[in-house]
2 protein chains.
Amino acid sequence: MVPLYQAKTELFRALGNPVRIRVLELLYDSPKPVHRLLAEIPIEGSRLSQQLGILRGAGLVTARRDGNTVEYALSTGEVAELMATARRILAHLATGQEELLAELRVERAS
Amino acid sequence: MVPLYQAKTELFRALGNPVRIRVLELLYDSPKPVHRLLAEIPIEGSRLSQQLGILRGAGLVTARRDGNTVEYALSTGEVAELMATARRILAHLATGQEELLAELRVERAS
DNA sequence: TACGCACTTAAAGAATTTCGCAAGTGTAGA
DNA sequence: TCTACACTTGCGAAATTCTTTAAGTGCGTA
């Protein structure tokens, strides 16, 4: 029996990689076959495939063979939600920094 | 200028560690000083301190010195929201697995 | 000032993750 | 069956992250 915090760790760890994040962002709008992802993310095909394997393993995406190609999709809308919340946190942190910079400007002026 | 996907990667990477997740879970309810966290997470103090440093660096928590101790808190409610969404995804994945197991049982029976 | 407690920082080795290359599988069409 | 295309898998080297140990800082109290 896996403790909950361990499962959560693995979930977030699966998200903590630039290639995997870009994949999830691309799938945010609609499912896409591997070659479409590859067109947007300029890396070796084998590498993309490995990262897709990690996302699959974490249950974040699903893969469906369609003839010669394989189509990937987010496994649930909640994954999209997680990405959206992350964006909001980032926006929050960014404005925090701007405020900090503004404060520093005031201090320097006075 | 840091690309957005890179910032997002660093955010999730900061979350992808069992000690750091446990800290965030403990801070979910209310701010706590380090020694209270340490009482719940049985590791070396120096190690906890390093992990707290990473959470601080990522902007996920804030630290406030209060006399002899240092009190930590989640930096914004959105961080709590992220944790909550992660919990929901995990719950979703778990039910998915149960369904899968149920299907397998049916197949074996027939 | 000296001591103890609470916490942080630094540095080096251990463990994990990522990357690039080679080889392999599955499907469609000639 | 042969070839081409789309994708996956395996494996060793390189990069990153984590853990351990030791030393250091800041605050309150005697």
Side-chain angles (χ1 to χ4, degrees), chain A residues 2-3 5-24 26-27 30-75, chain B residues 2-3 5-24 26-27 30-75:
Chain A
V2 180
Y5 65 81
Q6 189 61 49
K8 236 180 260 182
T9 299
E10 276 154 32
L11 179 69
F12 285 124
R13 200 162 268 185
L15 290 158
N17 172 285
V19 170
R20 298 196 292 266
I21 285 288
R22 293 185 74 179
V23 167
L24 295 175
L26 289 167
L27 299 181
S30 63
K32 285 177 184 60
V34 177
H35 63 88
R36 296 270 287 104
L37 299 173
L38 207 45
E40 303 286 335
I41 310 174
I43 59 174
E44 291 246 351
S46 68
R47 204 180 135 198
L48 178 57
S49 202
Q50 283 170 331
Q51 302 305 325
L52 288 171
I54 291 170
L55 289 173
R56 270 194 331 265
L60 293 168
V61 304
T62 58
R64 189 176 58 81
R65 171 141 241 155
D66 178 16
N68 211 6
T69 72
V70 178
E71 185 158 87
Y72 278 82
L74 298 188
S75 63
Chain B
V2 180
Y5 65 80
Q6 189 61 49
K8 235 179 262 183
T9 298
E10 276 154 31
L11 178 68
F12 285 124
R13 201 161 268 185
L15 291 158
N17 172 285
V19 170
R20 298 196 293 266
I21 284 288
R22 293 185 75 179
V23 167
L24 294 175
L26 289 168
L27 299 181
S30 63
K32 284 177 183 60
V34 177
H35 63 87
R36 295 271 288 104
L37 299 173
L38 206 46
E40 302 287 336
I41 311 174
I43 59 175
E44 292 249 350
S46 68
R47 201 178 138 198
L48 178 58
S49 202
Q50 282 169 332
Q51 302 305 326
L52 288 170
I54 291 171
L55 289 173
R56 271 195 328 267
L60 292 169
V61 303
T62 58
R64 188 176 59 80
R65 172 144 245 164
D66 177 17
N68 210 5
T69 71
V70 178
E71 186 158 86
Y72 279 82
L74 298 187
S75 63

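Below, chain A is the first sequence line, B the second, and so on; all start at residue 1.
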Separation of A/I21 atom CD1 from C/dT18 atom P, in whole Å? 12 Å
Sugar-phosphate, base or nothing in reach of A/S49, heavy atoms under 4.0 Å: base
List for me each residue that meets side-chain hydrogen bond (donor to acceptor under 3.5 Å, both in side chains) alongside A/R65, sequence neighbours excluded, and say none if there are none. none
Quick one: pull up CD in B/E40 and CG in B/L38 and give me the separation to the nearest 0.5 Å. 10.0 Å
Quickly work out the B/L37 CG to C/dA6 P distance and round it to whole Å. 14 Å
Base of D/dT20 paired with side chain of B/Q50 (donor-acceptor, under 3.5 Å): yes
Looking at residues 7-19 of chain A, who's got a heavy atom less than 4.0 Å off DNA chain D? A/R13
Salt bridge (charged side-chain N to carboxylate O under 4.0 Å, His left out) pairs touching residues 49-63 of chain A, sequence neighbours excluded, are none
When rounded to whole Å, the CD1 to P distance for the pair A/I54 and C/dT17 reads 8 Å
For the pair made of CZ in A/R47 and P in C/dC21, what is the distance, rounded to whole Å? 12 Å
Rounded distance [0.5 Å steps], CG in A/L55 versus CG in A/L60: 6.0 Å
Expressed as a whole number of angstroms, how long is the span from B/L52:CG to C/dA6:P? 16 Å
Output yes when at least one side-chain N/O atom of A/R56 is less than 4.0 Å from OP1 or OP2 of D/dT8, else no. yes
Roughly how many Å is it from CD in A/E71 to P in D/dC7, rounded to a whole number? 10 Å
Sequence neighbours left out, what passes salt bridge (charged side-chain N to carboxylate O under 4.0 Å, His left out) with B/K8? Give chain and number order. A/E25
Would you say D/dT17 has OP1 or OP2 under 4.0 Å from some side-chain N or O of B/R20? no
Do you know which two heavy atoms are closest between A/L52 and A/V61, and how far apart they sit? O-CG2, 4.4 Å
Under 4.0 angstrom between B/Y72 side-chain N/O and C/dA6 OP1 or OP2: no
Please name the pair of heavy atoms, one in A/V34 and one in A/Y72, separated by the smallest distance, quoted to 0.1 Å. CG2-CE1, 3.5 Å
Give A/R36 one of three labels, base, sugar-phosphate or nothing, depending on what nucleic acid heavy atoms sit under 4.0 Å from its own. nothing
Hey, is the main chain of B/T9 close enough, under 3.5 Å, to the side chain of A/R20 for a donor-acceptor pair? no
May I have the distance from A/L48 (atom CG) to D/dC7 (atom C1'), rounded to whole angstrom? 10 Å
Atom pair distance, as rounded to whole Å: CD1 in B/I41 and C1' in D/dT19: 16 Å
Restricting to side-chain hydrogen bond (donor to acceptor under 3.5 Å, both in side chains), what partner residues turn up for A/R36, sequence neighbours left out? none
Using a 4.0 Å cut-off on protein heavy atoms (strictly under), produce a 5'-to-3' string for nucleotides 22-30 of chain D with B for base contact, S for backbone-only sugar-phosphate contact, and - for none. B---BBS--
